[in-house]
Asks: 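I am attaching a structure below and will ask some questions about it afterwards.
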Amino acid sequence: LLASNAKNIIETALYCADSLSESEDSLSSRLGEIRRSLTALAKFDPVHGEKFITSVEEISLLVNELSSDLMAHITSGN
């Protein structure tokens, strides 16, 4: 079943990885913009700002991990 759907699996995984972290308009890029905005917010509200920055950093790590896992899935042939 996987072999018959290999092209679809590869295309879908590539699209998702690209949307997550590879393209200029990726989720990762947008999270970077959000982090920069939160850094500005933290100057005025350090307690909440730092908490929000930490959350965005955790989300960014998960997004990058998912993107890497998708690419590894493609290259492993699984």
Asks: Just verifying a value: how many Å separate Ile59 CD1 and Thr54 OG1, rounded to the nearest 0.5 Å?
Replies: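 If we round to the nearest 0.5 Å, Ile59:CD1 and Thr54:OG1 are 11.0 Å apart.
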Asks: Got a second to check how far Met71's CE is from Leu20's CG, nearest 0.5 Å?
Replies: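 These two atoms lie 11.0 Å from each other.
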Asks: Using a distance-only test with no angle check, is there a side-chain donor-acceptor pair under 3.5 angstrom linking Thr39 and Arg35?
Replies: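 Distance-only check passes for Thr39 and Arg35.
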Asks: Nearest 0.5 Å, what's the CG-NZ distance between Asp45 and Lys51?
Replies: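 If we round to the nearest 0.5 Å, Asp45:CG and Lys51:NZ are 10.5 Å apart.
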Asks: Could you walk me through whether Ser67 and Glu22 pass the side-chain contact (heavy atoms from CB on, under 4.5 Å) test, one step at a time?
Replies: CA-CA 8 Å; Ser67 181; Glu22 302 298 322; 3.9 Å; yes
Asks: How many angstroms lie between atom CZ of Arg30 and atom CG of Leu27, to the nearest 0.5 angstrom?
Replies: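 Atom-to-atom, Arg30:CZ and Leu27:CG are 8.0 Å apart.
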Asks: If you round to the nearest 0.5 Å, how far is OG of Ser29 from CD1 of Ile34?
Replies: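 Interatomic distance, Ile34 CD1 to Ser29 OG, rounded to 0.5 Å: 11.0 Å.
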Asks: Look at the side-chain heavy atoms of Ile, Leu, Val, Met, Phe, Trp and Tyr, link any pair under 4.5 Å apart, and say whether Leu41 and Leu31 land in one connected group.
Replies: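 The answer is yes; both residues are in one hydrophobic cluster.
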Asks: Let me confirm one number: the CD-CG distance from Glu57 to Leu62, rounded to the nearest 0.5 Å.
Replies: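 CG of Leu62 is found 12.5 Å from CD of Glu57.
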Asks: Checking Asn64 against Ser28: is there a side-chain donor and acceptor pair closer than 3.5 Å?
Replies: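 There is such a pair between these side chains.
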Asks: Please tell me whether Ile9 and Leu66 are part of a single hydrophobic cluster in this structure, the criterion being side-chain heavy atoms less than 4.5 Å apart.
Replies: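 As far as the 4.5 Å side-chain criterion goes, Leu66 and Ile9 are not connected within one cluster.
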Asks: Between Glu11 and Tyr15, does a side-chain contact (heavy atoms from CB on, under 4.5 Å) hold up when you go through it step by step?
Replies: CA-CA 6 Å; Glu11 287 174 354; Tyr15 170 79; over 6 Å; no
Asks: Just checking, any donor-acceptor pair under 3.5 angstrom between side chains of Ser23 and Ser26?
Replies: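 No pair is found: no donor N or O on one side chain lies under 3.5 Å from an acceptor on the other.
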